[in-house]
Each structure stands twice: as structure tokens, then as C-alpha cells.
Amino acid sequence: MDEKFLKPYDPGATESRVYAAWEESGLFNPDECIEQGVTAPDAKPYAIVLPPPNVTGRLHMGHALMLAVEDIFIRYKRMRGFRTLWLPGTDHAAIATQSVVEKQIKKDEGLSRHDLGREELLKRIEAFAVASHDTIISQLKTMGASLDWSREAFTLDETRSRAVRTVFKRMSDAGLIYRGLRIVNWDPKGQTTISDDEIVYEERPAKLYTFRYAKDFPIPIATTRPETKVGDVGVAVHPDDVRYKEFVGKEYDVVFCDVPIHIKIVADKEVDPEFGTGAVGLTPAHSKVDWEIADRHELSHETIIINEYAKMTVDGRLRDMKTTEARETVVEWLKSENLLEKEEDITQNIATAERTGGIVEPLPKLQWWVEVDKEVPGRGKTLKELMLEAVRSGEITILPEHFEKTYVHWIENLRDWCISRQIWYGHRIPVWYRGEEAVVGEAPEGDWARDGWVQDEDTLDTWFSSGLWTFSTLGWPEETNDFKIYHPTDLLETGYDILFFWIARMILMTEFTLGTIPFRAVYLHGLVRDAQGRKMSKSLGNNMDPLDVAAKFGADAARMALIVGNTPGTDMRISEDKIKGYKHFANKLWNIARFILEANTNAKSVPEKKNGSKTWPSGPERDHFSSREREILEQIDLLTKEVTVDIEEFRVYMAAEKIYHYAWHELADKILEESKPILAGSDEAAKDSRRTLLLTLLDRTLRLLHPFMPFVTEEIYQSMPTKDAKFLMVAKWPS
RNA sequence: GCACCCUUAGCUCAGUUGGUAGAGCAGCGCAUUUACACUGCGAAGGUCGGGGGUUCGAAUCCCUCAGGGUGCACCA
């Protein structure tokens with residue numbers, strides 16, 4: 001027996017050494033597996049692309065969970081002989097990364113991005129992204145992720161950029177991308193547009209003011225934003241509202257807080273007669289709903305009164321005021337003019353930007369959009385319909401199943417997707433202008449800048465490039481072998497919180513570009529919370545760094561703690577106590593191995609089957625076992641079957657628990673205990689038989705447990721007399 | 001407002017197609033120069049949120065009520 005078993009199991013010393021050995025073997029790469037005869041050249045492919053972590057810093061426990069789940073499926077399939085590819089990469093995460101770096105520069109140097117300029121800021125962000133990338137890669141390796149590093153991708157590298165330009169061009173040619181002036185969600189803090197999904201609504205107390213534009217104005221108006229009223233062009237009432245019917249169509253000129261405005265009264269069904277006074281002041285340039293109502297009644301939406309910095313642009317006393325100051329000023333003016341009729345406290349849902357926390361200011365802006373309700377040429381369906389169909393038809397299955405309903409509900413409410421951003425880090429919109437001319441896709445030939453061409457200033461929403469991830473990572477638009485072999489991929493595993501952001505966009509982009517699905521199954525994991533059920537966050541200081549956890553308890557323990565009992569789509573709680581329990585389990589397994597290997601050291605020879613295999617006797621080869629031993633073998637056969645089915649049906653949380661329970665409470669507590677008197681006895685045949693049995697059970701347990709706890713199982717396997725492959729990682733899954 | 005999820009042992013959660021309620025942790029009693037104290041054995045603990053229905057049989061399926069949570073929309 002190897003002397004290493006005389007000491008307790010030490011994950012710290014073992015895990016990095018084992019990972020290095022795996023990596024050096026090249027066997028994370030499916031081509032190398034075929035090369036080395038581990039995988040059959042005609043084996044069925046199995047592919048997962050890693051959801052690329054943002055290069056914004058470090059990985060958290062949610063990432064660790066994601067890695068554990070994906071690595072389980074990958075290792076399982078690899079052992080089953082599939083041509084298995086797990087493809088790594090990172091995401092430039094445009095807004096997120098830029099805002100982290102901008103904040104840092106502001107803090108350290110007191111400079112804004114405009115002080116630095118586009119080129120210098122990009123240089124700084126890239127340097128940060130590289131450092132962040134390196135940290136992330138080492139974290140991924142620490143967790144034992146068997147990723148094929150030879151294929152690593154980045155959402156902003158040249159291959160992925162070409163994919164982005166190509167898809168943009170194709171969508172544009174198909175008439176699905178357009179440039180349009182619309183009310184967008186403007187984040188004054190981040191100085192960029194954001195999509196509807198990047199908004200977080202927060203409930204806050206607010207005041208609802210009821211006022212009149214002027215003494216002789218016939219209708220009182222309710223508003224929470226009096227400062228915007230200097231931009232009003234009309235008042236809308238419900239068509240059936242008898243209170244106001246007589247005024248519909250009438251027009252008024254008033255001077256409101258120094259600003260002359262012209263108000264026309266219109267009737268529109270959108271207005272809720274129950275709310276406030278039943279009359280809405282229309283500010284088309286600063287409200288989505290007002291813009292739409294104004295459109296229907298041919299009212300102008302050109303009166304802009306708030307700029308990108310959320311400051312007033314009108315003349316008079318409000319000039320250059322922040323909107324919040326202007327609000328107070330207008331209210332004072334209303335009071336002094338005796339126009340304020342009521343002031344009530346209400347709670348309102350205020351739109352804030354997810355990344356910066358800034359209060360979203362609706363502004364009209366010329367932006368790029370993907371049109372979701374227009375028929376896709378050649379498909380006879382809209383993008384929305386294609387997105388729905390992929391899931392409804394069962395081509396893509398989502399786990400847990402009820403998220404399919406959430407997905408459908410979301411798609412049905414989907415509006416056009418705003419894809420342009422006014423930040424600098426990201427894929428620049430691939431459109432070049434010269435006067436009236438415009439070129440889309442690739443830059444004009446030659447030195448286009450000298451020839452008077454100018455590229456669009458904006459960058460693309462980061463999800464535009466992540467939407468292509470399943471095929472851009474495989475080298476598309478080149479017709480690569482990888483693309484032909486591995487697409488569509490088999491599984492996409494990620495947190496349910498990015499179902500809309502990412503999963504939906506991948507389905508959209510892939511259906512459009514390739515006319516197929518990006519993946520066959522979606523496995524959504526829940527949030528990892530702390531022991532009290534709180535979200536992990538920097539401000540609470542309850543963050544766990546996977547690296548620290550691995551250092552303290554071992555990556556194997558962290559993986560088990562994250563997997564066992566954690567059903568898909570459900571949030572989980574993690575504590576050091578739980579992880580510690582699985583550290584103990586790794587040591588338990590270590591001691592089981594010690595006991596069994598020690599017993600076999602005294603054996604005359606390693607038991608061997610006639611066909612040369614040294615493992616899992618079955619059928620007639622079991623005849624020399626006692627009936628109790630045959631019963632034990634049947635029991636582990638049953639376990640093997642159950643674990644296999646559980647993994648196949650995505651119940652990794654049950655599979656992990658079953659093996660754990662078996663190893664500790666059957667193998668160790670019962671079988672080892674009952675073996676002690678036999679091994680100490682004098683019946684040589686019985687001893688031989690029992691030693692073979694125990695070795696078989698250990699071998700089988702290692703194989704079943706390997707996808708879950710790859711390090712300790714590999715380390716024990718290396719000392720097994722039944723070792724039949726270079727690594728347990730590429731040994732055969734029992735069946 | 002619309003949709004979805006959850007409610008099971010003190011705590012955290014499992015429970016795949018309906019067939020005698022499970023695990024981990026905590027707690028209680030006992031054992032122990034032992035493969036392993038990173039241990040073992042044992043006992044205790046639940047009218048499965050309330051009510052109704054379907055069924056020979058319901059934690060599981062249907063309806064309803066209550067409490068908790070999440071997503072989407074909207075609040076002018």
C-alpha cells in the first residue's frame with residue numbers, strides 16, 4: 001500500500017498536483033482523447049460551452065456551483081466514451097467592466113472617461129480585463145473544471161468580433177436591424193442607453209401633486225414629476241370621461257414657470273380615469289407612454305427639456321437645474337401662484353439602472369434596434385415566434401420545467417431590443433458613414449478614415465455578442481470542423497437570473513443566423529446564498545471566495561456541498577459547516593481506501609478476470625463469491641444503475657447524495673465492519689473472496705463518485721491495483 | 001394588475017411515474033489506544049400550511065383560502 005494513505009487526506013497538496021497532471025496529459029481536449037485512444041474516433045459528440053464569466057474581477061460561489069454542475073456532466077460523458085468538449089471563455093461585459101474601471105480611475109486619479117479620451121480609457125480597461133481574466137482562469141482550474149484550454153475564447157477577440165460583424169450585417173440585410181428615434185432608457189450616471197431588461201424597479205416614497213397649468217385651465221392634472229410639465233404639449237383624458245368631454249379638442253397657451261407652453265386636449269383610451277384626476281399631462285420627449293399617445297394624436301415630440309446629465313434645458317429660472325432641484329422650484333412656484341391643489345404621499349416604482357444604480361431618465365435618442373415582430377425573410381415567422389417555437393416544440397427543454405412558462409410569458413411581452421450603447425468598451429457598431437452613404441458589416445476597402453469615412457460612435461449591447469456564444473466559440477463564420485461536430489451544443493447551464501438576458505438572446509441569434517437551436521437542454525441553477533439565506537454581497541461582507549473555500553476544505557468538498565440537495569432553479573444556502581462535512585467525507589473515503597488497500601497488500605495477487613479486466617465481476621464470474629457477497633454486488637449494481645439514470649435525467653443532486661450515503665453508511669459502516677472478522681480469520685478462500693469484493697466495491701465507488709469529487713477519487717485511483725487507464729478521468733463508467 | 005414558485009423533523013432541504021414519511025446539521029443516550037475523533041452504535045423528533053374534492057390509496061393530482069418569495073407590466 002502506498003504510504004500516502006498513512007496520513008489524513010490533504011486536499012491542498014493533492015488538488016493542484018492532480019490538476020496539473022490532467023492538464024499536462026492533454027485529455028481535456030477531445031481531439032487528444034481520440035489521439036490517445038481514449039475516445040473512439042466515431043464517438044458521439046457531447047458539448048457544453050462555459051457561460052463566460054465577466055472579466056470584472058473574481059468568481060463567486062455561484063460560479064463555483066455552475067462549474068460543479070457542468071463538470072459533473074462533462075466528466076460523466078467523457079467516462080461514457082463521448083467525444084466530450086467543454087469550451088472555456090470570458091466575457092468582456094461592456095457596461096459592467098467599463099463602469100468598474102471608470103469608478104477606479106475616478107477614485108484614484110479623480111479623472112472621468114472624457115478626461116482620458118476613448119483610446120486611453122480602452123487601454124486601461126484592457127489591462128484590467130487581462131488581469132481579471134488571469135485570476136478567473138486560475139479560479140476555474142482550482143475548482144477542478146476539465147475545460148479544454150486549447151479552445152479558449154473571449155467575446156471581444158478577433159474571431160468573435162468577426163462573428164458579431166457578420167451577424168449584424170445579415171440582420172441588417174434582412175431588415176431586422178433598424179436605426180430609429182425613440183424614447184430610450186437613459187442612465188445619466190453611466191451615460192448610456194440601457195435595455196428594458198437592465199432596469200431594476202425600486203419602490204420608493206414619492207409625492208403626487210395635483211395642479212393646474214394656469215388659473216383658467218379647465219382640468220386639474222396629477223403628476224409625480226412637476227418639473228417635466230414645462231415640456232408638456234397636451235393633456236389626455238379618457239374618451240368616455242364625462243367630466244372632461246366638453247374640453248376635448250380645445251387648445252390653450254400658458255406660461256408655466258417662465259416657460260411658454262401650448263396644450264391641446266385629446267381623448268385616448270390609454271388614460272385610466274380612476275387614477276389621479278383622470279387627466280394626464282403629456283410630455284412626449286420624456287415618457288414612453290406620452291410619446292405613444294402624442295403619436296396617435298399628431299402632437300409634436302420635439303420639445304426636449306432635460307439633457308443627458310438629467311439637467312433642465314429650458315430658459316428661465318429652471319435653466320441648468322438638476323431635475324430634482326427643478327421639481328422643488330416648480331412646486332414652490334405652483335404654491336406661490338396658488339395653482340397647487342393637492343399633495344399626497346404615495347409609493348412609486350422607480351426605474352434604476354442595474355449596473356450604476358442611476359435613476360433612469362427617458363429620453364428620445366437615435367439608437368439601433370432589433371425588430372422582434374417583423375417576419376424573418378425565408379422563415380415566415382417573426383423572431384419572437386421563432387423564440388417561442390424553439391421551446392414550445394420541445395426542441396429545447398428547460399429545467400426546471402416551470403421556467404418554460406416564465407420564458408413564454410417574457411417573450412410574449414417582448415418589445416424591440418435596443419442594441420446600441422454609448423460606452424466605449426465593446427464591439428463598435430459595424431457601420432461606416434460618409435455623407436449620405438453608409439456601409440454595413442465590414443469597413444470600406446483601403447484607408448477608410450483618410451477617404452472620409454467615419455465609424456458609428458456607439459458600441460453593441462454585450463448580449464449581442466454573448467448571444468452568438470455557442471457557435472462563435474466554435475469558429476463560426478468559418479465552416480470549421482468544430483462547428484460541424486459540436487453544434488448545436490447539448491447543454492447550457494447557467495443561473496435562472498439570466499434566462500432572459502442570455503438564454504433568450506442565444507435562441508434568438510441562433511435561430512436567425514443558423515436556423516437552428518443553440519442547445520438541446522437548459523439547466524438553470526439557483527442563487528447561492530449565505531447560511532442565513534441572504535444574498536452574498538460585498539456590502540454585507542458575507543462573500544465567499546471559491547479560492548479560500550478550496551484552500552480550507554478542498555475543491556471536492558466545495559463541489560459536493562454545492563451539489564447535494566440542491567435542486568435546479570431553487571436558491572440554496574451554503575455554510576462552512578456544510579462544506580466541512582464533505583471535507584470529512586473526502587477523508588472518510590481516503591480511509592476506506594486505506595483499509596481496503598491494506599487488506600489487499602497481503603493478498604497473493606491482484607484478482608483478475610479472464611478477459612484481463614480487473615473490475616466489477618458480473619454473471620458467472622460471481623459464482624465463487626458467498627451469497628452475502630453476491631447480495632452486496634447486486635446492491636452496488638443497483639446503485640450504479642440509479643446514479644446513471646439520475647445523471648442522465650439531470651438529478652445530480654440525488655446522484656451525489658446516493659453515492660455519499662452508500663460510501664459512508666453502507667460500504668464503511670456495514671460492509672467494512674462485517675469484513676473485519678473475515679479478514680482476521682483463517683479461511684483463506686473466504687479472505688481472498690472478500691478482498692476481491694472490497695476492491696471491486698472501492699473501484700466502483702471511485703468511478704461513480706469521480707464526476708462529483710474528481711480530485712480525491714483520482715488520487716486514490718492512481719494507487720489502485722485495478723487501475724486500467726492512465727487517469728480515472730478517462731476510465732470507463734461502470735454499467 | 002398578470003404570471004410563476006414555495007410552505008414537509010428544532011434548522012436547512014430532498015421526496016422522479018399517486019403505494020407504509022427521508023437526509024444533513026443541531027440536540028439526547030452510549031461506546032471507543034480505532035481504517036478514520038475528520039469515529040461508531042442507538043433512541044427521540046413530523047395530523048407533510050388550513051379546508052374541500054378525485055381515488056381502494058394523496059406530501060404527490062384538482063379546487064379554494066392563508067402566509068412567504070420571485071419575475072413581468074404599470075402607476076401619468
Side-chain angles (χ1 to χ4, degrees), chain A residues 1 5-9 196-197 199-201 203 206 208-210 221-225 228-229 232 235-236 268 270-272 274-283 286-290 293 346-351 400-415 496-497 499-500 526-527 529 531-533 553 557 560-561 564-567 569-575 577-578 580-599 642 645-646 648-651 653-654 656-658 660-661 664-665 668-670 672-673 675-676 679 694:
Chain A
M1 185 191 65
F5 289 106
L6 297 177
K7 288 185 196 153
Y9 177 62
D196 293 344
D197 320 295
I199 288 177
V200 179
Y201 287 94
E203 274 203 353
L208 183 66
Y209 301 96
T210 305
I221 305 291
T223 182
T224 52
R225 297 198 63 185
T228 63
K229 299 296 105 185
D232 281 10
V235 165
D268 196 283
E270 191 80 7
V271 181
D272 175 6
E274 303 296 319
F275 189 88
T277 61
V280 188
L282 296 175
T283 325
H286 299 284
S287 153
K288 226 173 259 187
V289 179
D290 294 5
I293 296 178
I346 58 163
T347 49
Q348 77 168 344
N349 262 346
I350 193 145
E401 210 178 335
H402 72 255
F403 273 102
E404 289 185 6
K405 287 181 200 159
T406 313
Y407 175 85
V408 167
H409 187 247
W410 182 80
I411 305 266
E412 283 171 348
N413 289 308
L414 189 63
R415 286 182 287 190
Y496 65 76
D497 49 331
L499 176 64
F500 307 138
L527 257 53
R529 298 169 177 276
Q532 281 89 52
F553 304 106
M560 279 298 270
V564 172
N566 182 12
T567 47
T570 309
D571 293 354
M572 74 167 313
R573 300 178 185 208
I574 192 93
S575 62
D577 277 348
K578 187 172 182 191
K580 193 160 70 179
Y582 291 102
K583 185 189 179 189
H584 297 177
F585 177 57
N587 193 57
K588 186 75 184 180
L589 196 70
W590 190 250
N591 279 292
I592 292 169
R594 173 178 169 178
F595 181 90
I596 293 175
L597 292 174
E598 205 165 21
E642 284 184 12
V645 173
D646 282 341
E648 287 289 343
E649 296 179 1
F650 302 103
R651 291 187 299 270
Y653 54 97
M654 285 196 82
E657 194 174 347
K658 281 178 188 166
Y660 169 88
H661 191 264
W664 201 313
H665 300 298
D669 289 350
K670 298 205 177 99
L672 252 47
E673 289 305 322
S675 299
K676 284 176 184 174
L679 294 171
L694 293 179

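Throughout, protein chains are lettered first and strands after them, A, B, ... in sequence-line order, and every chain is numbered starting at 1.
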**OP:** Please tell me if the side chains of A:L499 and A:W410 come closer than 4.5 Å, counting only heavy atoms from C-beta onward.
**Re:** no
Original post:
At under 4.0 Å between heavy atoms, what does A:K588 touch on the DNA or RNA strands: base, sugar-phosphate, or nothing?
Top reply: base
**OP:** Between A:E274 and A:R573, just flag the one whose closest nucleotide in RNA chain B comes earlier from the 5' side.
**Re:** A:R573
**OP:** Have a look at A:H286 and say if it touches a base, only the backbone sugar-phosphate, or nothing, with a 4.0 Å heavy-atom cut-off.
**Re:** nothing
Original post:
Does A:Q348 have a side-chain nitrogen or oxygen under 4.0 Å from the phosphate oxygens OP1 or OP2 of B:A76?
Top reply: yes
Original post:
Checking all strands, does A:N413 fall into the base, sugar-phosphate, or nothing category for heavy-atom contacts under 4.0 angstrom?
Top reply: sugar-phosphate
**OP:** Under 4.0 Å between any heavy atoms, over every strand shown, what does A:K580 touch: base, sugar-phosphate, or nothing? Just pick one.
**Re:** nothing
Original post:
Do the side-chain N or O atoms of A:Y660 get closer than 4.0 angstrom to the phosphate oxygens (OP1, OP2) of B:A23?
Top reply: no
Original post:
Between B:U7 and B:U16, how far is it from one P atom to the other, in whole Å?
Top reply: 12 Å
Original post:
Just checking A:T283: base, sugar-phosphate only, or nothing, at a heavy-atom cut-off of under 4.0 Å?
Top reply: nothing
Original post:
Just wondering, do A:Y496 and A:L527 contact through their side chains at under 4.5 Å, heavy atoms?
Top reply: yes
Original post:
What nucleic acid atoms does A:D571 come within less than 4.0 Å of, heavy atoms only: base, sugar-phosphate, or nothing?
Top reply: nothing
Original post:
Is the shortest side-chain N/O distance from A:R225 to OP1 or OP2 of B:A76 below 4.0 Å?
Top reply: no
Original post:
Does a side-chain heavy-atom distance below 4.5 Å link A:L672 with A:L694?
Top reply: yes
Original post:
Using a cut-off of 4.0 Å on non-hydrogen atoms, how would the nucleic acid contact of A:G565 be classed: base, sugar-phosphate, or nothing?
Top reply: sugar-phosphate
Original post:
Just to confirm, is there a sub-4.0 Å distance from OP1 or OP2 of B:G40 to any side-chain nitrogen or oxygen of A:W664?
Top reply: yes
Original post:
With a non-hydrogen cut-off below 4.0 angstrom, is A:L672 in contact with a base, only sugar-phosphate, or nothing?
Top reply: base
Original post:
Under 4.0 Å between a side-chain N/O of A:Y653 and OP1 or OP2 of B:G15, yes or no?
Top reply: yes
**OP:** Select base, sugar-phosphate, or nothing to describe what A:A668 touches, counting heavy atoms under 4.0 Å on all strands.
**Re:** base
Original post:
Reckon A:F585 touches a base, only the sugar-phosphate, or nothing at all at heavy-atom distances under 4.0 Å?
Top reply: nothing
Original post:
With respect to the phosphate group of B:A76, does any side-chain polar atom (N or O) of A:T223 fall under 4.0 Å of OP1 or OP2?
Top reply: no
**OP:** For A:G533, report the nucleic acid contact type (base, sugar-phosphate, nothing); a contact means any heavy atom under 4.0 Å.
**Re:** nothing
Original post:
What does A:E270 touch in the nucleic acid at a heavy-atom separation under 4.0 angstrom: a base, only the sugar-phosphate, or nothing?
Top reply: nothing
**OP:** Ignoring backbone atoms, establish whether A:T224 has a side-chain N or O less than 4.0 Å from OP1 or OP2 of B:A76.
**Re:** yes
Original post:
5'-most contact on RNA chain B: A:K583 or A:D577, nearest heavy atom basis?
Top reply: A:D577
Subject >> Sub-4.5 Å side-chain heavy-atom contact between A:E648 and A:V645 >> reply: no
Subject >> Spacing of the C1' atoms in B:G1 and B:A58 (rounded, Å) >> reply: 34 Å
Original post:
Around A:Q532, counting heavy atoms of other residues, nucleotides and ligands shown, do more than 12 lie under 6.0 Å from its CD?
Top reply: yes
Subject >> A:H665 vs B:G24: side-chain N/O to OP1/OP2 distance below 4.0 Å >> reply: yes
Original post:
What nucleic acid atoms does A:R651 come within less than 4.0 Å of, heavy atoms only: base, sugar-phosphate, or nothing?
Top reply: base
Subject >> Spacing of the C1' atoms in B:A35 and B:G18 (rounded, Å) >> reply: 44 Å
**OP:** Using a 4.0 Å heavy-atom cut-off across all strands, classify A:E649 as base, sugar-phosphate, or nothing.
**Re:** nothing
**OP:** Examine distances only and state if a side-chain atom of A:N413 and a backbone atom of A:H409 form a donor-acceptor pair shorter than 3.5 Å.
**Re:** yes
Subject >> B:U12 OP1/OP2 closer than 4.0 Å to side-chain N/O of A:K578 >> reply: no
